[in-house]
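Reading through the structure tokens given below for one structure.
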Amino acid sequence: MNNFKLVFFILFLLLLITFIHHKQGPLFALFEEGIGNFTTQIKGDHYPKTLIDKTGITFTLDKPPTRIISATLATDHILSGLIDQQRLVAVSNYVDYPSLSNIVNFYDKNIVRTAGEIESILSLQPDLVFVASYSNPETVRYLLRSGIPIVRLSEFNSFSDIFNNIRIVANVTDTEAQGEVIIHHLQQRIDFIKAQVKDKPRPKVLYYDLNGYSIGGHSLMDEAIQLSGGINVANGVLGNGENKISEELAISLQPDVIVMNQWVFNQSHGESSPTAILANKKAWADVPAVKNKRLYSVPGTWLRSVSQHRIKGVEAIAKLLHPEIHMFQESDYVQ
């Protein structure tokens, strides 16, 4: 009898879940964050445009938005090349951090800096909010329920992803022409680097963080090293993306070149460069990069950007690997 009651109760729960999913599917789907591609799909070549979230929730933009909130540093950077600042009511609070941002003090001080709290976002009465797959899930849930149109970006693993994100932001803000100009300029700089390093020897390169992290394949860092004329020695050794790496494993890879983050605080507070710290570690003494003094620090704002500014990191690495190459000049730009 007890078993019969248990089976009946389980069947009742399954029916209840099915009913909720059928009647309120979009809200039920809000709890699936963190899996797969969450990038918003945009339908319509002209306004009104429909924004389709991965959850199935849709929003309609009847006209170009004029009260935009950028709650991510990536969209702060992308929007800086697309829209008039008067269309922004808030940008992320990271936008003026010298250790993170390439556009410190670019935005007018009257534009609110937000940490992405739902209360502050709602109080600004936006007509469009940009978030990302790494944004606070609770904030995203509330926004999806609020009826305020949101655009989520979730792919940041390649320059192709950067181009796609620029096109999404440009599409939804009615600035497609400006977006294509940015992409065209980036592609020319990428092609220029590729042509410069085409026939050069390809050194083994390790991106290394003193906290014990490196980056494997399917990542912007892997692509940047390849475009720069190097070989990412962590590709195939570590999993895709950023991963923990032991000192023993990093040393065993015997890189010819090591690239590290030169965060702003290292310079402004008189702290030792990360390359100097690594060079003084006895365990690393026989690594080719250390023996040949080919440890390099590159600004973290260039190395880790997921916007159009990432090209600065590629150019910096290319010049370090191949000092004899020429760098792209504005006079090289072809419209």
Side-chain angles (χ1 to χ4, degrees), residues 73-82 100-104 106 153 155-170 175-207 215-235 255-262 275 289 292 294-335:
L73 186 59
T75 48
D76 294 342
H77 282 80
I78 293 172
L79 288 165
S80 70
L82 294 177
L100 299 174
S101 175
N102 290 281
I103 52 172
V104 173
F106 174 83
L153 302 181
E155 298 294 299
F156 310 98
N157 299 314
S158 66
F159 272 96
S160 178
D161 289 340
I162 290 176
F163 293 170
N164 188 51
N165 290 339
I166 291 171
R167 287 193 170 106
I168 290 170
V169 175
T175 55
E176 290 94 335
Q178 295 94 312
E180 291 306 316
V181 169
I182 294 173
I183 292 169
H184 182 59
H185 197 180
L186 281 173
Q187 190 62 63
Q188 286 201 25
R189 290 169 73 173
I190 289 171
D191 292 342
F192 188 87
I193 295 168
K194 289 168 70 174
Q196 290 281 307
V197 303
K198 181 180 178 182
D199 298 318
K200 304 290 184 184
R202 299 176 68 82
K204 296 185 296 181
V205 181
L206 175 68
Y207 167 78
I215 300 180
H218 191 54
S219 64
L220 266 167
M221 183 61 71
D222 182 63
E223 185 177 11
I225 290 171
Q226 292 185 51
L227 289 173
S228 302
I231 299 169
N232 178 15
V233 291
N235 187 343
D256 301 310
V257 176
I258 296 175
V259 175
M260 308 181 74
N261 275 354
Q262 178 65 66
T275 56
N292 299 319
R294 299 204 71 186
L295 280 71
Y296 303 118
S297 295
V298 176
T301 53
W302 298 354
L303 285 181
R304 305 307 296 268
S305 175
V306 292
S307 73
Q308 64 269 34
H309 294 275
R310 187 58 173 252
I311 191 63
K312 299 174 185 175
V314 177
E315 291 171 339
I317 295 173
K319 188 66 174 176
L320 292 169
L321 300 187
H322 308 286
E324 70 281 4
I325 67 172
H326 301 291
M327 301 308 294
F328 187 88
Q329 305 295 325
E330 287 305 311
S331 57
D332 297 315
Y333 180 67
V334 179
Q335 294 188 354

| task | Kindly indicate whether the side chain of Y207, heavy atoms from C-beta on, has any atom under 4.5 Å from the side chain of I258. | result | no

| field | Contact summary for P201 and H322, nearest pair of heavy atoms | value | O-CE1, 2.9 Å

| field | Y296 versus T275, closest heavy-atom pair with distance | value | C-CG2, 3.5 Å

| message | Test of understanding: with side-chain contact (heavy atoms from CB on, under 4.5 Å), list the residues that count as partners of N164, not counting sequence neighbours. | response | I168

| Do the side chains of V169 and L153 get nearer than 4.5 Å, heavy atoms only? | yes

| side-chain contact (heavy atoms from CB on, under 4.5 Å) between N102 and W302, intermediate numbers included | CA-CA 8 Å; N102 290 281; W302 298 354; 3.2 Å; yes

| query | Does the pair Q226 and R202 meet the rule for a side-chain contact (heavy atoms from CB on, under 4.5 Å), with working shown? | reply | CA-CA 9 Å; Q226 292 185 51; R202 299 176 68 82; 4.2 Å; yes

| said: For K204, I'd like to know if atom NZ has over 12 heavy atoms of other residues, nucleotides or ligands within 6.0 Å. | reply: yes

| task | Keeping the roles fixed (side chain from S219, backbone from G216), state whether a donor-acceptor pair exists under 3.5 Å. | result | yes

| field | With F328 via ring pair (Phe, Tyr, Trp, His ring centres under 6.0 Å) - residues at least two apart | value | H185, F192

| note | Looking only at heavy atoms, the pair that brings Q308 and S80 closest together is NE2-OG, 4.1 Å

Name each donor-acceptor pair under 3.5 Å that joins a side chain in residues 227-235 to protein atoms two or more places apart or in another chain, with its distance.
from: S228; atom 1: OG; to: A224; atom 2: O; distance (Å): 2.6
from: S228; atom 1: OG; to: V314; atom 2: O; distance (Å): 3.0
from: N232; atom 1: OD1; to: A234; atom 2: N; distance (Å): 3.1
from: N232; atom 1: ND2; to: I215; atom 2: O; distance (Å): 3.1
from: N232; atom 1: ND2; to: D222; atom 2: OD1; distance (Å): 3.0
from: N235; atom 1: ND2; to: D222; atom 2: OD1; distance (Å): 3.2
from: N235; atom 1: ND2; to: D222; atom 2: OD2; distance (Å): 3.3

| remark: Those residues at least two apart in sequence (or on a different chain) that pass side-chain contact (heavy atoms from CB on, under 4.5 Å) with N157 are E155, D161, H218

| Residues which pass salt bridge (Lys or Arg N to Asp or Glu O under 4.0 Å) with K200, listed by chain and number, not counting sequence neighbours | E324

| Which heavy atom of G300 sits nearest a heavy atom of N261, and at what distance? | CA-OD1, 3.8 Å

| field | Step-by-step side-chain contact (heavy atoms from CB on, under 4.5 Å) determination, S101 to L73 | value | CA-CA 7 Å; S101 175; L73 186 59; 4.2 Å; yes

| task | Using a 4.5 Å cut-off on heavy atoms from C-beta on, say whether the side chain of N292 contacts that of D256. | result | no

| message | The test is side-chain contact (heavy atoms from CB on, under 4.5 Å); show your working for H309 and I103 and say whether it passes. | response | CA-CA 9 Å; H309 294 275; I103 52 172; 3.9 Å; yes

| Side-chain touch V257/L321, heavy atoms, less than 4.5 angstrom | yes

| Would you say the side chain of R310 lies within less than 4.5 Å of the side chain of F159, judging by non-hydrogen atoms? | yes

| task | Mind listing the closest non-hydrogen atom pair of L100 and T301 along with its distance? | result | C-CG2, 3.5 Å

| task | Using the test salt bridge (Lys or Arg N to Asp or Glu O under 4.0 Å), find all partners of R189 that sit at least two apart in sequence or belong to another chain. | result | E315

| Beyond-backbone contact of S307 with I162, side-chain heavy atoms, under 4.5 angstrom | no

| query | Taking atom types as modelled, is there a side-chain donor on H184 or Q188 under 3.5 Å from an acceptor on the other? | reply | yes

| Which distance, rounded to the nearest 0.5 Å, do you find between the CD1 of I193 and the CE of M327? | 5.5 Å

| said: Do M260 and V298 make a side-chain contact, defined as non-hydrogen atoms from C-beta onward lying under 4.5 Å apart? | reply: no

| task | Looking only at non-hydrogen atoms, find the nearest pair between I325 and Q196 and report the distance. | result | CB-OE1, 3.4 Å

